[in-house]
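Side-chain atoms are counted along with the backbone in the values below, which use heavy atoms only and exclude waters and symmetry mates.
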Amino acid sequence: PFEGVAWTPRPPQGPPQGCFACIAKPPALRQASPVLSPSSAVYLMESKSCKGDSLRPAVQCKHSVEKKTMTNPTTVIEIYPDTTEVNDYYLWSIFNFVYLNFCCLGFIALAYSLKVRDKKLLNDLNGAVEDAKTARLFNITSSALATFCIILIFIFLRYPLTDY
């Protein structure tokens, strides 16, 4: 299928000159002469697609000059949030678990209190605050319901239902 077609070799290529910003730009399109032979047309098509060929003039990259003159020393300071302010309600959870464990709410509060301690060690302040709120909620609920049940028990022991 390629009979009669003249192929011309590409010129040798060296390493691309300049930085990526300069090499990535397409080469300027040259004006083609009105009458071209098949071999020169093939050669022009190859040279347009090649970014580092010898037909392209060697231009000093303006970006490499800027990189040499721009030196910005930077200092990185890592600031960790203060996790000591997050209350884990651990003692309250243990008390609710041992003494006022109404429907296992004390156990759930203890589990969330332990999660708060783990997240404080991992410096996950947002997660620790959310779990602390949940532990406090379960502690309040467990304490309130258990206290209410204890008061009801004392009332029914003092005034049994058989008297009515």
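Rounding to the nearest 0.5 angstrom, the gap separating the CD1 atom in I155 from the CD1 atom in I150 is 12.5 Å. Within the model, atoms SG of C103 and CD1 of I108 stand 9.5 Å from one another, a figure rounded to the nearest 0.5 Å. Here L125 contributes atom CG and E130 contributes atom CD; the two are 10.5 Å apart, rounded to the nearest 0.5 Å. In this structure, OG in S143 is found 7.5 Å from CZ in F95, a value given to the nearest 0.5 Å.
Without hydrogens or angle criteria, N101 side chain to G106 main chain gives a donor-acceptor distance under 3.5 Å. Judged by distance alone, with hydrogens and angles left aside, the side-chain atoms of S142 form a donor-acceptor pair with the main-chain N or O of L100 at under 3.5 Å. At least one donor-acceptor pair under 3.5 Å links the side chain of N96 to the backbone N or O of N139. The main-chain N or O of D131 is never found under 3.5 Å from a side-chain atom of K115 such that the two would form a donor-acceptor pair.
Taking both residues in full, the closest heavy atoms of V86 and A132 are given as CG1-CB, 4.1 Å, listed atom of the first, atom of the second, then distance. The heavy-atom pair separating S93 from A109 by the smallest distance is OG-O, 3.4 Å. Nearest heavy atoms, A128 versus K120: CB-CG, 4.1 Å.
L145 and I151 sit in two unconnected hydrophobic clusters of ILVMFWY residues. Membership requires side-chain heavy atoms under 4.5 Å apart, directly or through other members. Cluster annotation: F148 and F102 are assigned to distinct hydrophobic clusters (Ile/Leu/Val/Met/Phe/Trp/Tyr, side-chain heavy-atom contacts under 4.5 Å, transitive). Under the 4.5 Å side-chain heavy-atom criterion for grouping Ile, Leu, Val, Met, Phe, Trp and Tyr, L157 is not connected to L161 through any hydrophobic cluster.
Classified by interplanar angle (parallel below 30°, tilted 30° to 60°, perpendicular above 60°), the ring pair Y112/F138 is parallel. Ring planes of Y89 and W92: perpendicular class, angle over 60° (limits at 30 and 60°).
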Apply side chain to side chain contact (heavy atoms under 4.5 Å, CB included) to the pair Y90 and L110, showing each step before the final yes or no. CA-CA 7 Å; Y90 186 66; L110 181 63; 4.0 Å; yes

